[in-house]
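Below is one structure, written out as structure tokens; comments come after it.
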2 protein chains.
Amino acid sequence: MNNGVNLKELAAELKLAPSTVSRALNDSWEISEATKKKVISMAEKLNYQPNPFARSLRENKSKTIAVIIPERINNFFAQVMDGIENIAQEHGYHLLVYNTHEDVDREKKIVNLLLNGRADAVVMSVSSQTSDISHLEKLYARGLPLIFFDRICTDIPTTKFITNDYESSYQGTKHLIQQGCKKVAFLMLSKELSITKERHRGYLDALLEAGLSPEPAFSLNCSMCEEQNIELIREMLWSNNRPDGILASVEKLALATYQAVKRTKLRIPQDLKVISFSNMGIAGLLEPSLTTITQPAITIGQECAKLLIKKLTKPKQNDLIDQVITIPSKITIRSSTLAE
Amino acid sequence: MNNGVNLKELAAELKLAPSTVSRALNDSWEISEATKKKVISMAEKLNYQPNPFARSLRENKSKTIAVIIPERINNFFAQVMDGIENIAQEHGYHLLVYNTHEDVDREKKIVNLLLNGRADAVVMSVSSQTSDISHLEKLYARGLPLIFFDRICTDIPTTKFITNDYESSYQGTKHLIQQGCKKVAFLMLSKELSITKERHRGYLDALLEAGLSPEPAFSLNCSMCEEQNIELIREMLWSNNRPDGILASVEKLALATYQAVKRTKLRIPQDLKVISFSNMGIAGLLEPSLTTITQPAITIGQECAKLLIKKLTKPKQNDLIDQVITIPSKITIRSSTLAE
DNA sequence: TATAAATTCGAAAACGTTTTCGTATTTAAT
DNA sequence: ATTAAATACGAAAACGTTTTCGAATTTATA
């Protein structure tokens, strides 16, 4: 409401020109130490707060980064956000946060909102329903620094941060096989997602290497609806050719699996072993405790922010070159994959 | 980077004055329908995007709401955020999100950052370490619309949204007693917090009503350190005068309790019954499943945003009067409080 | 001592909008 | 036909910064 004192008033109080005061506050070499001190102390006394919009308008930058995630109630994305915020706060950047709720239309609207330069850069993970990427291409063409993480968009030539999806999935599947599984199922959110493609490849390769033939029906394409997923999994578990192991490519599908199992007579891990990509803090408190592939979420967020801020502060030297940077996950073995 | 076409260029293309174009786009009555159509179609053709900072500077508002929470990896706060974002998106508002990590110093820095008018309003839940509220008073004095939720600041005369903390806690404690508990402990994050005060009152009153004398040692003041909390709780459970029931005033302390119990020979619910304020989606998947008091998080978020936006769009008619609005929680009884 | 260079500051433009004020044209009223 | 009012638009100011350009004073150089 009341915006306090502005630069002109501060200058008048000091009997100086606004330009001088501005330079003094920005520690310009053109201003003597004596006046700098006077200006700064008066600014503190009057509690001067520069208007961010005037500054943004003039400098054509907002010190703001937009973050777009598909889900907020999600340990992985929440941790990434914390990582981004860590670095951003350190450098005086603000965070505009948007949740697409896994909805492409919402994603498009949000991306279009960012076309006007409200944020200096965008870091995002695409929704599971995103196949048409014209909105992202438009954003990229606009020249706005753009970084993807986790669920990346391969066709946009910029830097992406992911975990070792293929390798982790391969190792996870291998672990299931080593624990005695013969029929391993793979649970995915959407075939479009970069992570499902890579993780599915790792899953398939591990099967083939073990001489197991991948059953098409065991690659289960789930939806966004929790209850639907549970029923889908339950049906698979009730079929006469049911899997004895499950690799969930995202956390929520592991939880859906646990719920589905509760609707059967099956026991984990005796009848069904479960491993999942998950950043749950309490995987050890589930019954049975869940074997997880944990992504380095905070690090991923930090690296995204670091790179972006480097690009923003030294635009000449740094370009977001078209590359995929991989930070490995960590497998934690718990009861859900215990051999008998 | 490239900001596209601006108002002046758009006006030149149309051979009109910038003022006319501005008015046409803002659907002013001073402009004829004919020119409005011309302007709008040309604006779409050239993909004109108004500069948000120029607009903010001129209008002295940013269509941005700042949200300050103490923790991001927290089901309750994540749900509240989703609720806020729902309403905000509907009305074209953007969300600046800040996480204090339960740290007062961080909270102060963030609040000071908002003093310059970057956001049109603030909705927040204070950190557990906040006792000195001078920074909040300054923010309030600044005239910025300010709303608290959950962890409120009673001394700031504005509108606050909470759940029925006292009543829920009272009922939760009563439930434990009804299930046979004679010695109920209360776990809190910090004595300063509004929610702990209210929830503790409810706890005490339920004990007194049942003729049970509150044991001071059973009101356990925990810290922010997960491991410390677990040990604190474990020690309490190992004492020769251990509680047989626990009411956790926040979710993370219930989880700490579960971890602590795993380090003892005790069983839930046979030796210890547990109930907790919690918005976990998977309370039913814990072993044993956790009896919860679930706050109407999404609704709280939505109501905060609704009220704030009403205040922002019709500033004259709406004031954030000094009142506490209560939206009741819901108790879901599960295995962790089952009587033998 | 005269001149060049360094130091320190001010005036004004610029960023891209919205809005106040003014004005020309058209329509209505007498 | 004359005047009043309504309609439709333009010129310019304003929002609060930063920065370009210029100028005055002081210091260094010859």
Side-chain angles (χ1 to χ4, degrees), chain A residues 1-40 42-43 46-64 92 115-120 142 313, chain B residues 1-40 42-43 46-64 92 115-120 142 313:
Chain A
M1 221 70 188
N2 170 23
N3 261 338
V5 64
N6 63 20
L7 192 66
K8 208 185 296 183
E9 294 162 356
L10 177 58
E13 193 71 28
L14 284 159
K15 293 187 206 297
L16 286 173
S19 50
T20 304
V21 176
S22 171
R23 275 184 280 238
L25 292 174
N26 291 328
D27 201 28
S28 160
W29 55 269
E30 311 186 75
I31 304 298
S32 69
E33 290 304 319
T35 47
K36 271 186 195 173
K37 285 198 174 161
K38 267 192 294 186
V39 169
I40 291 173
M42 180 63 82
L46 300 186
N47 191 29
Y48 167 69
Q49 303 279 356
N51 182 307
F53 306 119
R55 183 175 279 174
S56 290
L57 175 59
R58 174 63 221 233
E59 299 197 314
N60 200 30
K61 60 185 177 192
S62 59
K63 295 222 98 182
T64 298
L115 247 37
N116 60 12
R118 184 179 287 268
D120 294 342
R142 195 74 178 59
T313 48
Chain B
M1 220 72 189
N2 169 24
N3 260 338
V5 63
N6 64 21
L7 192 67
K8 209 186 295 183
E9 293 163 355
L10 177 58
E13 194 71 29
L14 284 158
K15 296 188 204 296
L16 286 173
S19 49
T20 305
V21 177
S22 170
R23 276 183 279 237
L25 292 174
N26 291 327
D27 200 29
S28 161
W29 55 269
E30 309 186 76
I31 304 298
S32 69
E33 290 305 319
T35 48
K36 272 186 194 173
K37 284 197 173 161
K38 268 192 291 187
V39 169
I40 290 173
M42 180 63 81
L46 300 187
N47 192 28
Y48 166 70
Q49 303 278 358
N51 182 306
F53 306 119
R55 183 175 278 175
S56 290
L57 175 59
R58 176 62 222 231
E59 297 197 315
N60 199 30
K61 59 185 177 191
S62 58
K63 295 223 96 180
T64 298
L115 247 38
N116 60 14
R118 184 178 286 268
D120 294 342
R142 194 76 176 60
T313 48

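For clarity, every value in this text was computed on a predicted model and none was experimentally measured. A note on names: the letters A, B, ... follow the listed sequences, proteins ahead of strands, and every chain is numbered from 1.
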Q) Separation of A:L57 atom CG from C:dT17 atom P, in whole Å? A) 9 Å

Q | Donor-acceptor pair present, A:R58 side chain and D:dT18 base, under 3.5 Å | A | yes

Q.
Without decimals, in angstroms, what is the distance between A:K15 NZ and C:dT8 P?
A. 22 Å

Q | Contact check, side chains of A:T20 and A:I31, non-hydrogen atoms, under 4.5 Å | A | yes

Q) Taking atom P of C:dT18 as reference, at what distance in whole Å does atom CG of B:L25 sit? A) 8 Å

(Q) Could you measure the distance from the CZ atom of A:F53 to the NZ atom of B:K61? Nearest 0.5 Å is fine. (A) 12.0 Å

Q: Consider only side-chain N and O atoms of A:S32 and A:T35, and report whether a donor and an acceptor are under 3.5 Å apart.
A: yes

(Q) Do B:Y48 and B:L25 make a side-chain contact, defined as non-hydrogen atoms from C-beta onward lying under 4.5 Å apart? (A) yes

Q. Are a donor atom and an acceptor atom from the side chains of A:S62 and A:D120 found within less than 3.5 Å of each other?
A. yes

Q: Describe the nucleic acid contact of A:T35 in one word from base, sugar-phosphate, nothing, applying a heavy-atom distance below 4.0 Å.
A: sugar-phosphate

Q. Of B:A54 and B:S19, whose closest DNA chain C nucleotide lies nearer the 5' terminus?
A. B:A54

Q: Give A:L7 one of three labels, base, sugar-phosphate or nothing, depending on what nucleic acid heavy atoms sit under 4.0 Å from its own.
A: base

Q: Round to a whole Å and report the spacing from CD of A:E59 to P of D:dT20.
A: 11 Å

Q: Please report, rounded to the nearest Å, how far the C1' atom of D:dA14 is from the CG atom of B:N60.
A: 12 Å

Q. Do the side-chain N or O atoms of A:S22 get closer than 4.0 angstrom to the phosphate oxygens (OP1, OP2) of D:dT18?
A. yes

Q: Looking at every strand, decide which applies to A:S32 at a 4.0 Å heavy-atom threshold: base, sugar-phosphate, or nothing.
A: sugar-phosphate

Q: Report the distance from atom CZ of A:R55 to atom P of D:dC15, rounded to the nearest whole Å.
A: 19 Å

Q) So, does the side chain of B:R23 form a donor-acceptor pair with the base of C:dT20 at under 3.5 Å? A) yes

**Q.** Shortest side-chain distance from B:L16, nucleotide among D:dG10, D:dG16, C:dG10
**A.** D:dG10

Q. Given D:dT17, is OP1 or OP2 found less than 4.0 Å from the side-chain N or O atoms of A:N51?
A. no

Q: Whole angstrom is fine here: how far is it from NZ in A:K63 over to P in D:dT18?
A: 12 Å

(Q) Output the rounded distance in Å from CD (B:E30) to C1' (C:dC21). (A) 11 Å

Q) Between A:N26 and D:dT18, does any side-chain N or O lie under 4.0 Å from OP1 or OP2? A) yes

